[in-house]
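See structure below.
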Amino acid sequence: MNSQKASDRIQYYRNADGPVIGTVSRPVIEQDGLFFKDIDGSGTVSPVNDWRLPAKERAEAYAAALNTKEKIGQLFISDWRMAKYPPSGPMAPENYQVVPDESGLLDEGALRGKTIFGEQNLPGTTELLRDWFSRHLILRANAKPDEIADWINQLHAVAETCGHFVPVQVVSNSRNENGEIIFGMNDAAGVFAAWPGTLGIAAAVRGDSLEIIDRFADCIRREWDAVGIKKGYMYMADCATDPRWQRTYGSFGEDPELITAIFERLVPGIQGSQEGVTPDGVSMTVKHFPGGGPRENGFDPHYAAGQWNVYRTPGSLQRYHIPAFRPAVKYHAASIMPYYSKPSDKKSAPQQDMEGKPVRFTPYGFAYNKVFIDGMLRGQMGFDGYINSDTGIVHNMCWGVETLDIPERIGFAVTQSGVDLISGLFDNEAARGAYQRGKDGYYETHPVPAGYRAEDLVLTDEALDRAVIRTLTELFQQGMFENPYRDPKRAAAVVANPADWEEAFSVHQKSVILLKNDGCLPLTGGKLGGKKLYVEAFCKNVEAGAAATEALRGRLGKFHLTDDYTEADYAILMITPSSGEYFSATMGYLELDICENKTVCDVDEQGRPTEKTHLETTLSGANRIADIAAAVHAKGGKVIANINFTLPWEVGHVEPYADALTAGFDTDPSATLDVLFGLFSPVGRLPITMPRNDAVLAVDAEGICVSPNDVPGYDKDKYMPDSMKDENGKAYAYRDSAGNYYELDFGLHY
């Protein structure tokens, strides 16, 4: 390969009334004063090469021209690496050595080893693209905009050297929210314009207007298109109903009406139109159908205890969980991602489908579940995009199909339930096996696994073509065949646009919620004149808390700070709890109490509480909060606390000690301080309800929670025992010392 970067070798051909053609080495055909890229290698303006034809027609023509190996290469999507950013996190084998290509951009090292999603045995980038014909890659590196554009350009340049040109679809999880970088949730942060977490965006929208979503979507569309990332695993339409579900963090809260209204604007805003993705738009993969919120006591389906969606409440599926997916169908979201989990028939109450008929709960993970995917989503709701599975369904999260081997799982997902793109590993060889079994009479000499039909376990030509046509259609709609290239300098300039960063910061300010105030806020005028101020940040990790405290003190250096809280007239406590691990089960239920060394029960393999116990800490130093408050109050001072809500925390170990309390959602600390010091008047309102205490989350000996897992917090009181309700008929929501309930839509103002 030419050692010069592809970005420096791009040639452009401009059609007066048509698309710009961008190429590094692909021939361009001139006919009747128009330019066409020779995509299929025919040397003619074939239906594949003719940009005047509809995207689906071109995709169908191309699928007919591709060979089976090329088609199978497009069935899978998995993590890939930039030479400058070696693989990290759960997908990184040990002792891996980067081998850059001549341009220094592509990683040509072979990648072998175990990951959380299975065993990897992968070639270098050029071999993956040329020989495997893989075309769907997930980027998790937190790279700079120009680096991303250069890297993606290089991928396309390699793809152009193949006999048949198919551009490379680079996908990412969301990159425009502030917060901790967590594999599979927020893979990157701080490079693109950084808005609050999605819960914070919902809080700001509740207090301001839905126009925030228009500006958020437009920012994403422009930034992502500029760097060449044309598809996002975003956003979550899930309605958060069990508060212990860790992925509440990435949702827009618990109100299906608000989530639906957000997606009414988000999908066309990011994709570029109400008719689907456009050449200057970014495809959305809306997740996780039919909603991941009804977790059984919060267990996550990345591990076995969380493999069930439980609908204990009659009608909850249609009332709370399906509505927000309707805009994805209405506005032609490019793809939808089913959740890992499977519906529980034994623990669920009757539910209805889109026609009001009883839902038949088949015991398969939703990616394998024909009733939900092919029946409800496509047949009844009319979804016309493609199905992109969640990562790992063929290997470690294969709930419901554990008795099948890997080729059979691939065949069952694609042929039987209609999955078009499988995320996890590049299982090209296994897919070829699934395809060959349909040709060589494999099941004439091998037993068919009990409960299955042989024709559902093989990869058929019809299913393979259907899947490839759907993903090729997206690429044609995006204009990627004509010009997949982006200018790295322009990418850097677009992402650095001050107006976007300023707009994002204004939403940080609007995301702050004033929960409690005895009048000590805002800290304006002479309130701090001659007063000593103590500030401390608390995190789950002691070292992180110390670093955050140092940064906080730096922001407040103009005030009279003291290191001794017993001398303080005011104390500002910034509290950032954390609970659980994303890819592994805790020994018990996900802890929501803001606590330190709390004794809690273990659970058994069925998720029921046991007599065994362990200690949980969600906040190092939590036990000191009461001591700090007592000392400050003894001096006649005031305690001001801010809690970062990534989950619906139980606040009983913080609120009683605070004279003023604010809430943030991965909110920039500067925006929080603007509210505390009166530079911005709070408008945010709660997007989720905060549970009162452990009692409202109690699980009985059979594993049944006293508050239903499938009902959002604002409606849980309908199903709570009367004995738990107060004089106002409320049991679930936290009630503070001022008598306010921390429930959906609550928020005070100055």
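- Side-chain atoms of Q478 and Q169 form a donor-acceptor pair, as typed in the model, at a separation below 3.5 Å.
- For the residue pair S46/D40, the side-chain donor-acceptor check at 3.5 Å is satisfied.
- Remark: R432 pairs with no residue by the side-chain hydrogen bond (donor to acceptor under 3.5 Å, both in side chains) rule, at least two apart or across chains.
- Considering only heavy atoms from C-beta on, T248 stays 4.5 Å or farther from P243 through its side chain.
- Side-chain polar atoms of R319 and S316 form no donor-acceptor pair below 3.5 angstrom.
- Aromatic pair F216/Y235: centroids less than 6.0 angstrom apart.
- When atom types are taken as modelled, the side chain of D238 and the backbone of H288 share a donor-acceptor pair closer than 3.5 angstrom.
- Nearest heavy atom pair, residue G291 against residue P294, reads O-CD, 3.6 Å.
- Side-chain contact annotation: H332 with D384, donor-acceptor N/O pair under 3.5 Å present.
- At a cut-off of 3.5 Å, with distance as the only test, no side-chain donor of D745 or Y714 sits close to an acceptor on the other residue.
- For the residue pair E177 / T198, no side-chain donor-acceptor distance below 3.5 Å is found, with atom types taken as modelled.
- Under the 3.5 Å distance criterion, the side-chain polar atoms of N369 are matched with a main-chain donor or acceptor of T362.
- None of R221, R222, R215 except one satisfies the salt bridge (charged side-chain N to carboxylate O under 4.0 Å, His left out) rule with D500; the exception is R222.
- Looking only at atom types and distance, the side chain of Y386 has no donor-acceptor partner in the side chain of N388 under 3.5 Å away.
- The pair E482-R58 counts as a salt bridge, with a side-chain nitrogen and a carboxylate oxygen less than 4.0 angstrom apart.
- Here F476 and F481 bring their ring centres to under 6.0 angstrom of each other.
- Taking the six-membered ring wherever Trp is involved, the centroid distance between the rings of F426 and W80 falls below 6.0 Å.
- None of W399, Y339, F372 except one satisfies the ring-ring contact (aromatic ring centres under 6.0 Å, His included) rule with F366; the exception is F372.
- Judged by distance alone, the side chains of K347 and N309 never bring a donor and an acceptor atom under 3.5 Å apart.
- We find the CG-CD distance between L317 and Q351 to be 5.5 Å, quoted to the nearest 0.5 Å.
- With R437 contributing its side chain and Y443 its backbone, the two residues share no donor-acceptor pair below 3.5 Å.
- Annotation: F289 is in aromatic contact with F325 [ring centroid separation under 6.0 Å].
- Contact check for I322 versus Q352: no side-chain heavy atoms found under the 4.5 Å cut-off.
- Within the cation-pi definition used here (under 6.0 Å to the ring centroid, within 45° of the axis), K230 does not qualify as a partner of W224.
- With K287 as the fixed residue, the side-chain contact (heavy atoms from CB on, under 4.5 Å) test singles out one of N173, I336, D390: N173.
- Summarising the geometry, atom CG belonging to L377 is positioned 9.5 Å from atom CE belonging to M354; distances are rounded to the nearest 0.5 Å.
- The closest side-chain donor-acceptor pair between E70 and H164 falls under 3.5 angstrom.
- Inspection of the E474 and S283 side chains reveals an N or O donor paired with an N or O acceptor under 3.5 Å.
- With no hydrogens or angles considered, a side-chain donor-acceptor pair links E264 and Y331 at under 3.5 Å.
- Two rings, from F412 and Y364, have their centers less than 6.0 Å apart.
- Between Y340 and H302, the ring centre distance stays below 6.0 Å.
- Using modelled atom types, one side-chain atom of R409 and one backbone atom of V394 make a donor-acceptor pair closer than 3.5 Å.
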